[in-house]
Number of protein chains: 2
Amino acid sequence: MEVTQQASLKGGEFIIKPTDAQSVFTPADFTEEQNYMHQTCLDFVQTEVHPLLERLDNHEEGLMRGLMEKAGQLGLFGVSVPEQFGGLDMDFPTALRVTEGVGGGHSFPVAFAAHTGIALLPILYFGNDEQKAKYLPGLTDGTLMGAYCLTEPGSGSDALGAKTKAVLNAEGTHYVLNGQKMWITNAGFADVFIVFAQIDGDKFTGFIVDRNTPGLSLGNEEHKMGIKGSSTRQVFLSDAQVPTENVLGEIGKGHLIAFNVLNIGRIKLAAACLGATKMAADLSVKYANERVQFKMPISKFGAIRYKLAQQAIRIYAVESAIYRAGSDIYRMEQQLMAEGKGANEALLGAAREFAVECAILKVEGSEVLDYVVDEGVQIYGGYGFSADYPMDRAYRDSRINRIFEGTNEINRLLAVDMILKKGLKGEIDLMGPAQAVQQELLSIPSMSQDEETGLFAKELKTIANLKKAILMVAGSAVQKFTATLAKEQELLMNIADMSIKVYIAESTLLRVEKEASSKGEEAMAVEADIARVYLSDAVDIVEKAGKDAIGSMAEGDEQRLLLMGLKRFTKTELLNVKEARRRIAAKLITANEYAV
Amino acid sequence: MEVTQQASLKGGEFIIKPTDAQSVFTPADFTEEQNYMHQTCLDFVQTEVHPLLERLDNHEEGLMRGLMEKAGQLGLFGVSVPEQFGGLDMDFPTALRVTEGVGGGHSFPVAFAAHTGIALLPILYFGNDEQKAKYLPGLTDGTLMGAYCLTEPGSGSDALGAKTKAVLNAEGTHYVLNGQKMWITNAGFADVFIVFAQIDGDKFTGFIVDRNTPGLSLGNEEHKMGIKGSSTRQVFLSDAQVPTENVLGEIGKGHLIAFNVLNIGRIKLAAACLGATKMAADLSVKYANERVQFKMPISKFGAIRYKLAQQAIRIYAVESAIYRAGSDIYRMEQQLMAEGKGANEALLGAAREFAVECAILKVEGSEVLDYVVDEGVQIYGGYGFSADYPMDRAYRDSRINRIFEGTNEINRLLAVDMILKKGLKGEIDLMGPAQAVQQELLSIPSMSQDEETGLFAKELKTIANLKKAILMVAGSAVQKFTATLAKEQELLMNIADMSIKVYIAESTLLRVEKEASSKGEEAMAVEADIARVYLSDAVDIVEKAGKDAIGSMAEGDEQRLLLMGLKRFTKTELLNVKEARRRIAAKLITANEYAV
Ligand SMILES: Cc1cc2nc3c(=O)[nH]c(=O)nc-3n(C[C@H](O)[C@H](O)[C@H](O)COP(=O)(O)OP(=O)(O)OC[C@H]3O[C@@H](n4cnc5c(N)ncnc54)[C@H](O)[C@@H]3O)c2cc1C
Ligand SMILES: Cc1cc2nc3c(=O)[nH]c(=O)nc-3n(C[C@H](O)[C@H](O)[C@H](O)COP(=O)(O)OP(=O)(O)OC[C@H]3O[C@@H](n4cnc5c(N)ncnc54)[C@H](O)[C@@H]3O)c2cc1C
């Protein structure tokens, strides 16, 4: 494999190609302005949101809306909005960084993401000039609040199975909407609802529906496990009259709105989770330093150091991948604009291009958060189970992220499905590399020790091998099941797990390599430990998933061949993970904060 | 290794010896009476507890106590209590089965376990005749309620670090207690408190303290993540006057009470978790059959079938181990009584003998429960996050089990520590087998295919090999670190994970083998799948933990040798885990309930 000289690979192409570390964007590349925006959000969360958490959870009237209005006044809703509508017109990585910044605000980032991510964006990207002029300024400055109504009681994952109907009235002036929307975030205080309905029963279409539309009414607040401060209600449409000029985008093309918005929503969800993980990891190390048992701070115990290190490893790793992908999307957007595409079309096209990475990040981001808060609870011991300490809320709030914006099952299946489709369509060349791997399997392993150099020469070689393992397993699965592969979800899940770990591990190595090339290897020693330990676990996960897949689709000689290939492609030197984790933990413990 | 002919091995000895399947107790061996008791509990939970869950969570005055009184009237508190005190005087496996039976009752089993497991038992086992006569009848028939006060704000895991003081008054009639107890279950309605305090600052001692003792007062109800229906309060002792006749057991020997009671508490906690898992698995399969997406019940999707199967696999496996160990304890108790020990001493001695297994079961039982409810939430999708559906409560309630009765970290460390100590003391012969493994490592692997027969000949051979892997890793760790091994908690955790998986996997195989020998292999086909899939995952976990341990303690040739040994000892044939899980799921889906 040759290192690509392009700015970045195509979406999903990481599966077959290496990336040059210097071409990768890392958090060290953020501009002062981007860091300032991030800090503004952190401050906002700390001074405005955290003091209200208890009251927000109790749905105190007007409280969340008030907070949201403040955020709007600060400009936080307008990061991606053009200046003509009152926005800051900043780039996509900045939008991600802002999302991370509010991520530690418990229910607040949920309200924030629903408003900016899935209510405002559809109008920005699919609205016509009148719609934009009418709604965007208010949604941007926080005088108008938005909600997004896709899910129904009978259709969640199967979003296009929605039953809400829209029928044009006799006068041709209004669509009459009837149906029931479920789990609508911000419903309790929103002014503007993006509603999806089937025109004439089968033309799935988006509508902008004002709160005061007669026939629109709300259910009670849902009782939830967590993010209790976020308003979640049913929205009932009973002969709701929506003017024809409020049709959003093209009739029958509602799925384009719904799915395009989701790509961006997924990587943003990962960024929000990232913010939440850092807060939880920070609390964990502080508590571990403070809590004394057996006459010493519990941060002195190996079992606790393991947890602190593992929190940091997984956070740092997913962070590396989030900003790598975010910046890939941004560059592709620039490229599409250079090719003459309009701004909206360009960002949507770029996000669609990297939809595989967005799905991967949605899964990993939410699972890292669940890991971090779970260990957070455990580090706090009995106090982790107490609602008077912060881990209880963090634990309950985190759990929603594996469910919404597409469940993690759906996102895993989608990620693999999209990669395979790209291969079939020839958008990326899967066949060539897959055949090369088959050839390699049948040949004697090369013993030549290529004298590669660079901080992670060995590790990146491992990454290249792991990709071969994925290609081998996925290639066999495609050959074996061809058209019925979609029914073999267990195998798709195995391939998804392999792909996720490899993407994240590679991103982490590339980030550390790049940052070390400017800051020096010494300064990045702990980060190098992080990258190596993450990789070490990734190898084992790839091997396990590979074994399960091979055992489930091949027998006899074929099985032996695949298994041999898997062994070859997952062969690595052992790492002293205990000492590496201790060094990582030591840095956090000494800093007494999440400090990587 | 030869198969032992004894009724059962010594505690911890499973690490070095095989067990004959016919010698193992399995749930199929329960008598009609034991099953009747279990059914009584299931009925009680369903008809009496479940309708009140919401009201219990709101701490409606007197409600939990009322329920507890009913349970007392039904005889459920007296399972292990001699008839002379109004009990049923049943054996230990029956007590476990009853605990499992109430396990699905959310907060109720917590109140139940605190009362019967850690409040009543200390008096039964350590009380003198007067104390027993005074307290046991009431605690048994439910007219008196008990609580157990060990933890303090500054001492949880470090229970012996308790600071509560007891000083004999000038008259010599009373001990004057001062201190603060934290997280006391049942405190809100208990009549009798078992309190631990230091006499003269260093003689850790148990006391029976009546609720109406002047100077004993209660904190407010704690706000908790889950088991909200269970009363949890601080207990303040401010010059509380406790008559000298209320000293429990010997002065300065409080740790004997605290720790002995915990052994039994741990296996009972596993049994309670087992009951809860079955309920959650049952709800999961019913929901998956009922919920339609993409025009079919979600139980048709491989991703969901995987989860349903995995829930069943882990539940069935830990169940096998719980009753195996429970019956081992019972047999040892009988043996000790035959040797002339008194009944109390015999049960405590037996539980102490199997303290390793109790710790293992505490860990696995609570982690299986967390797995099952987590996937339960995920299967329910958005409805899993709703407090109006049952998974939210199950998820929150489950999380306490990894924290109390010794955190899972403490129990993992303890399990390994106890095994090693038994080896050092010569109670079990670790040295011989460990040396044999070292020898084997240096010899050429025997290629002879011993023609073993039996349903699981191959699998039990794998188990024997996995045990060698444990001995190899643990043996190296002991050699390497000798006296400082306690500081290498990360390694101890690796060894604990290996031991836990092997014990559970072996117990599952033995159970299925034994049950198949009477019911026929056909009838036990799905259970055989369960045992094989569990083993397949166990092998991978052992290998992973082994690799991490080896990489963290050995280098160069030594590392290579150990790694080769690990590979040899974890070598197995691949299993078609996908098809096996599909068969397991099919059984549940067809039955529309947890049916294994
Ligand atoms: C607090 C909260 C806020 C929300 N906010 C909004 C909002 O603002 N706007 C909005 O429109 N929606 C919102 N949602 C809805 C959310 O997007 C859905 O809950 C989610 O899409 C899952 O749908 P579902 O709950 O119907 O689960 P289901 O789709 O019924 O899924 C149940 C289970 O089946 C699995 N499954 C389903 N289909 C398949 C398949 N084909 N293959 C394999 N497995 C499958 C799922 O992964 C899951 O494990 C919110 C939900 C919650 C709980
Ligand atoms: C709802 C509830 C009910 C309870 N009921 C009772 C009751 O009825 N009676 C009673 O006496 N107690 C009760 N407890 C207390 C419970 O037993 C303790 O919470 C538990 O023992 C843990 O102690 P801790 O909370 O102080 O945590 P800590 O001991 O402070 O532990 C914090 C973290 O440090 C780790 N840790 C501590 N020491 C070590 C070590 N040496 N090596 C490695 N890691 C270590 C722990 O594993 C944990 O992860 C209850 C607690 C709760 C939350």
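Here is how names work: the chains are called A, B, and so on, in the same order as the sequence lines, proteins then strands, and each is numbered from 1. Worth knowing before you read on, the calculation uses all heavy atoms, side chains too, and leaves out hydrogens, waters and symmetry mates.
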The interface call for D537(B) against chain A, heavy-atom contacts under 4.5 Å, is both
Do D548(B) and K578(A) touch side chain to side chain, with heavy atoms closer than 4.5 Å? no
If I measure from the heavy atoms of chain B, does R412(A) come under 4.5 Å with its side chain, its backbone, both, or neither? neither
Residues D374(B) and R399(A) bridged, charged N to O under 4.0 Å: yes
Treating E409(B) as the side-chain partner and A303(A) as the backbone partner, does any N or O pair qualify as donor plus acceptor under 3.5 Å? no
Need one label for F404(B): side chain, backbone, both or neither, based on atoms under 4.5 Å from any heavy atom in chain A. neither
Go through the atoms of Q559(B) and report whether side chain, backbone, both or neither lie under 4.5 Å from a heavy atom of chain A. side chain
Q293(B) side-chain N/O to G156(A) backbone N/O, donor-acceptor pair under 3.5 Å: yes
Heavy-atom distances under 4.5 Å only: say whether L575(B) touches chain A with side chain, backbone, both or neither. backbone
Heavy-atom distances under 4.5 Å only: say whether K487(B) touches chain A with side chain, backbone, both or neither. backbone
Using modelled atom types and a 3.5 Å cut-off, is there a donor and acceptor pairing between side-chain atoms of D158(B) and backbone atoms of F294(A)? yes
With no hydrogens and no angle check, is any side-chain donor or acceptor of Q489(A) less than 3.5 Å from a backbone partner on I304(B)? no
